[in-house]
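On a predicted model such as this, the values are computed, not experimentally measured, just so you know. All chains are named by letter (A, B, ...) in the order of the sequence lines, taking the proteins before the strands, and each is independently numbered beginning at 1. Just so you know, these numbers use all the heavy atoms, side chains as well, and skip hydrogens, waters and symmetry mates.
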There are 2 protein chains.
Amino acid sequence: MRLSRFFLPILRETPKEADIVSHRLLLRAGMIRQEGAGIYAFLPLGLRVLNKVCRIVREEQDRSGAIEMLMPTIQSAELWKESGRYDDYGKEMLRIKDRHEREMLYGPTNEEMVTEIFRAYVRSYKDLPLNLYHLQWKFRDEVRPRFGLMRGREFLMKDAYSFDLDQEGARHSYNKMFVAYLRTFARLGLRAIPMVADTGPIGGNLSHEFIILAQTGESEVFCHRDFLEVAVPDASVDFDDVAGVQAIVDRWTSLYAATSEKHDEAAFAAIPEADRVSARGIEVGHIFYFGTKYSAPMKAVVAHPDGSEKPVHMGSYGIGPSRLVAALIEASHDEAGIVWPEPVAPFRVGIANLKQGDAATDAAAGELYAALQARGVEVLYHDLDERPGSKFATLDLIGVPWQILVGPKGLKEGKVELKRRAGGDRELLSPADVLERLAPVRA
Amino acid sequence: MRLSRFFLPILRETPKEADIVSHRLLLRAGMIRQEGAGIYAFLPLGLRVLNKVCRIVREEQDRSGAIEMLMPTIQSAELWKESGRYDDYGKEMLRIKDRHEREMLYGPTNEEMVTEIFRAYVRSYKDLPLNLYHLQWKFRDEVRPRFGLMRGREFLMKDAYSFDLDQEGARHSYNKMFVAYLRTFARLGLRAIPMVADTGPIGGNLSHEFIILAQTGESEVFCHRDFLEVAVPDASVDFDDVAGVQAIVDRWTSLYAATSEKHDEAAFAAIPEADRVSARGIEVGHIFYFGTKYSAPMKAVVAHPDGSEKPVHMGSYGIGPSRLVAALIEASHDEAGIVWPEPVAPFRVGIANLKQGDAATDAAAGELYAALQARGVEVLYHDLDERPGSKFATLDLIGVPWQILVGPKGLKEGKVELKRRAGGDRELLSPADVLERLAPVRA
């Protein structure tokens, strides 16, 4: 993409309304714009990152055997009266009446709707297990929305729902999602630690939050140092291997880890002092097993092999991709701006033409741009008539992992500069070597 | 995808509530489920088609130079009071009050919001032209929602908004989108005819609807027969070539074409009788140029080269991908079910194992499935324990373009049957020849 053909409204000033670093950088980097309290538009750069996050989330959901569908944002109040949550949910639920005065709501979550879909079609143990997920906008009418995308009112959520014949099957479904989440966060460049959690308004018996460590995290967390080193399962993990998946979960739940609400001072004190980690964390995922909490009142029953009919056992599993965009920035930034992990960077490579209009730099930058594009690299070419310092600042602010600086001095010696955003290392290389470094042609 | 691991709730009965063929087939094929009046969930098969449509829409928007962003579904009423449409829009607008009694609404369209975003960042002619688009759910509170996805209340829309310095620039932006739409519909396997249209609540001076011909179409249309043959511009079209793009638009607007509202009996009668086409049509896209209708009241002004500041010239351009899923079915189905054009088929290939549990058919079907997947083909393997007739019916109903029938008789001669959904042609081929036919390995 040529910057002259993109829409990247960088803010030079730090916005006053933003209290936390991710919110400030999202606004300064031209990624989002506030359209109401807790309601944001994703500008083109922000959407690119959101899409990258969603793609990784999807790939890992699919790998674990979950099936994607898409439920609507607007739900009927009737469903929530069946489950009993319509009155319980309180003011966080955005309630709506249509032109015929029918009671509706903007979905804050989808347990009821997915249970309705399940009971409409599935009758037999033969159709289980089943895990349906979707990525859809949710609305929670927080009394005081703040912190930008970290606590918005309209936010994107990936929510998955598992259906099993009994508790044993449901446990495996829970474990599969547990492992899928470990892989998802690792691929996003984050170290996430699962912690036993309260179940809150979703309800249920078993729940883990996935917390990433970030200096600017919203909550205090405590864990064993070994958590920073445990290996994340690779892509060959067999999700049908019940014992194998259980073993991974056991490994990841055998060490002490707790948020401040669940913190056990005595258990923490029992860890050798050198292994105690006390840090700040951000919740980026939450998984629940809640048995028949919805299926029983909503009569989502399945026939067992013995002919009996019983309510299906369910769990739900949430990741907030829009919140993750902010969490990624909280976890990875510096004085100059965002430092994207490569898998979620809006562009992998940036090219700064340091003397726009100069025949040599225009030609060299243009050729590198064309060659990288031809090799399938996502590249942003800063081709505006701006000072070099301004171009450096923009590429650093928006966090492009690899930056190619094309200036007249270097070109006289046939060289351009390749800069790594993380760490700031620079190297003088020929354009051919830069290409080979960033996008080697495989034999 | 193995059907045993997918969620495809086929209905054997024709649903009574569905008045039109697309609605009936969407329900029977397990693609959608109604969750409220005019509100639908996309089940996994339906979502796959919706995503294909969206992908083609995006690729052609991007090719034309439009830039993707993503605006929220919930909008502030304030913006609509600025433009004057808050009171005008009537009961089709879903009005909402949040917990603080602030007036909000579920966006039926985004002219106001995108104008607000534009005026916040763009000040100069140097930043023009600009075309921003997004794909987002909209809500229009139709008094009598019906016809399934054809006239839903919650529906997906791709809406693009162009910004230009003056009418001349805006004309080129309009023409670019005109050409992008021609390409989009052609790639979806549809013949769309642009017809001069009323501007309705969007307003403006210039507007075209894109209408596809379908026997079951909602409205009567009249056009010159040559429209069925005009060549659609190929992918090499240069969107920066003002005269070239204008010439394409001229070609596509030089022949008579009108919906019944705009029909001119005299002009139609002037066409030689053999060239008059009178048919049924479905609107699948609508584009508008409306000048400064929003930018003037909302003070979205840009500095011209002479230093003067004037309201920016705008247009908007809509395609409804969820509606298109239904329109595609209206345009392409038969007694047995849907006949998807390949570019939007949920799976390109289906495999029916005609004797599930038989060692030979299980092995042959399994190998073909693995080989097609390895070659990147989207394939649905019907591996359930069902009679052959039931498997044929399912693959025909859901419209898989290529079907491989693996039975014990054929296998004895080393053959499987390859069936084309459109037309029903069958051929006996070796599995290797089937692979070569569907996914040739390129040297």
Side-chain angles (χ1 to χ4, degrees), chain A residues 1 5-7 9 11 30 33 35-37 39-48 50-51 65 67-76 78-79 91-92 94-100 102 104 106 113-114 116-117 120-122 126-127 130 132 134 136-137 139 141-143 152-154 156, chain B residues 1 5-7 9 11 30 33 35-37 39-48 50-51 65 67-76 78-79 91-92 94-100 102 104 106 113-114 116-117 120-122 127 130 132 134 136-137 139 141-143 152-154 156 384:
Chain A
M1 178 66 68
R5 297 201 163 217
F6 197 53
F7 179 62
L11 302 184
R33 176 169 178 80
E35 292 300 328
I39 301 176
Y40 294 88
F42 279 77
L43 303 178
L45 194 78
L47 179 60
R48 292 179 75 97
L50 182 66
N51 285 342
I67 306 165
E68 189 173 1
M69 63 180 304
L70 183 54
M71 290 178 267
T73 61
I74 300 296
Q75 307 189 13
S76 153
E78 293 307 316
L79 279 178
K91 290 200 161 187
E92 276 200 14
L94 188 66
R95 292 158 208 263
I96 304 171
K97 281 191 179 160
D98 73 4
R99 66 192 295 166
H100 301 298
R102 281 180 293 222
M104 308 194 303
Y106 198 121
M113 189 181 280
V114 80
E116 188 281 328
I117 290 171
Y121 299 114
V122 183
K126 292 177 189 164
D127 297 322
L130 181 64
L132 297 170
H134 74 157
Q136 180 58 289
W137 294 88
F139 202 97
D141 200 1
E142 303 257 0
V143 63
R153 292 199 295 171
E154 184 170 336
L156 188 58
Chain B
M1 178 66 66
R5 298 201 163 218
F6 197 52
F7 180 63
L11 302 183
R33 175 167 179 81
E35 293 299 327
I39 301 177
Y40 295 88
F42 279 77
L43 302 178
L45 195 78
L47 179 60
R48 291 180 75 97
L50 182 65
N51 285 342
I67 306 165
E68 190 173 1
M69 62 180 303
L70 182 54
M71 290 178 269
T73 61
I74 300 297
Q75 305 189 14
S76 153
E78 292 307 316
L79 279 177
K91 290 199 162 190
E92 277 200 14
L94 188 66
R95 291 158 211 261
I96 304 171
K97 281 192 178 159
D98 73 6
R99 66 192 296 166
H100 301 299
R102 281 179 293 219
M104 309 194 301
Y106 197 122
M113 190 181 279
V114 79
E116 188 280 328
I117 290 170
Y121 299 114
V122 183
D127 297 321
L130 180 66
L132 296 171
H134 75 156
Q136 181 58 289
W137 294 88
F139 202 97
D141 200 0
E142 303 259 359
V143 64
R153 292 199 293 171
E154 184 170 336
L156 188 58
L384 299 181

Against chain B, label [X] side chain, backbone, both or neither, depending on which of its atoms sit under 4.5 Å from a heavy atom there.
X        : answer
A/Leu156 : neither
A/Val122 : side chain
A/Glu92  : both
A/Glu68  : both

Who wins among [options] for the most heavy-atom pairs under 4.5 Å with chain A?
options                             : result
B/Ala120, B/Gly46, B/Ala41, B/Gly36 : B/Ala41
B/Leu45, B/Ile74, B/Leu43           : B/Ile74
B/Val143, B/Ile39, B/Leu132         : B/Val143

[X] and [Y]: which non-hydrogen atoms are nearest, and at how many Å?
X       : Y       : value
A/Ser76 : B/Glu35 : CB-O, 4.3 Å
A/Tyr40 : B/Pro72 : O-CD, 3.6 Å
B/Phe42 : A/Met69 : O-CB, 3.3 Å
A/Phe7  : B/Ile67 : N-CD1, 3.7 Å

Any donor-acceptor pair under 3.5 Å linking the side chain of A/Arg33 with the backbone of B/Ile117?
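Not confirmed, A/Arg33 side chain does not pair with B/Ile117 backbone.
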Against chain A, label [X] side chain, backbone, both or neither, depending on which of its atoms sit under 4.5 Å from a heavy atom there.
X        : answer
B/Leu47  : side chain
B/Arg153 : side chain
B/His134 : neither

Sort out for me which of A/Lys91, A/Arg95, A/Gln75, A/Met1 touches chain B most, counting heavy-atom pairs under 4.5 Å.
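Greatest number of close heavy-atom pairs with chain B: A/Lys91.
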CZ (A/Arg5) with more than 12 external heavy atoms under 6.0 Å:
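No.
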Partner of A/Leu94 under side-chain contact (heavy atoms from CB on, under 4.5 Å), chosen from B/Lys97, B/Arg99, B/Met104
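Testing A/Leu94 for a side-chain contact (heavy atoms from CB on, under 4.5 Å) against B/Lys97, B/Arg99, B/Met104 leaves exactly one candidate, B/Met104.
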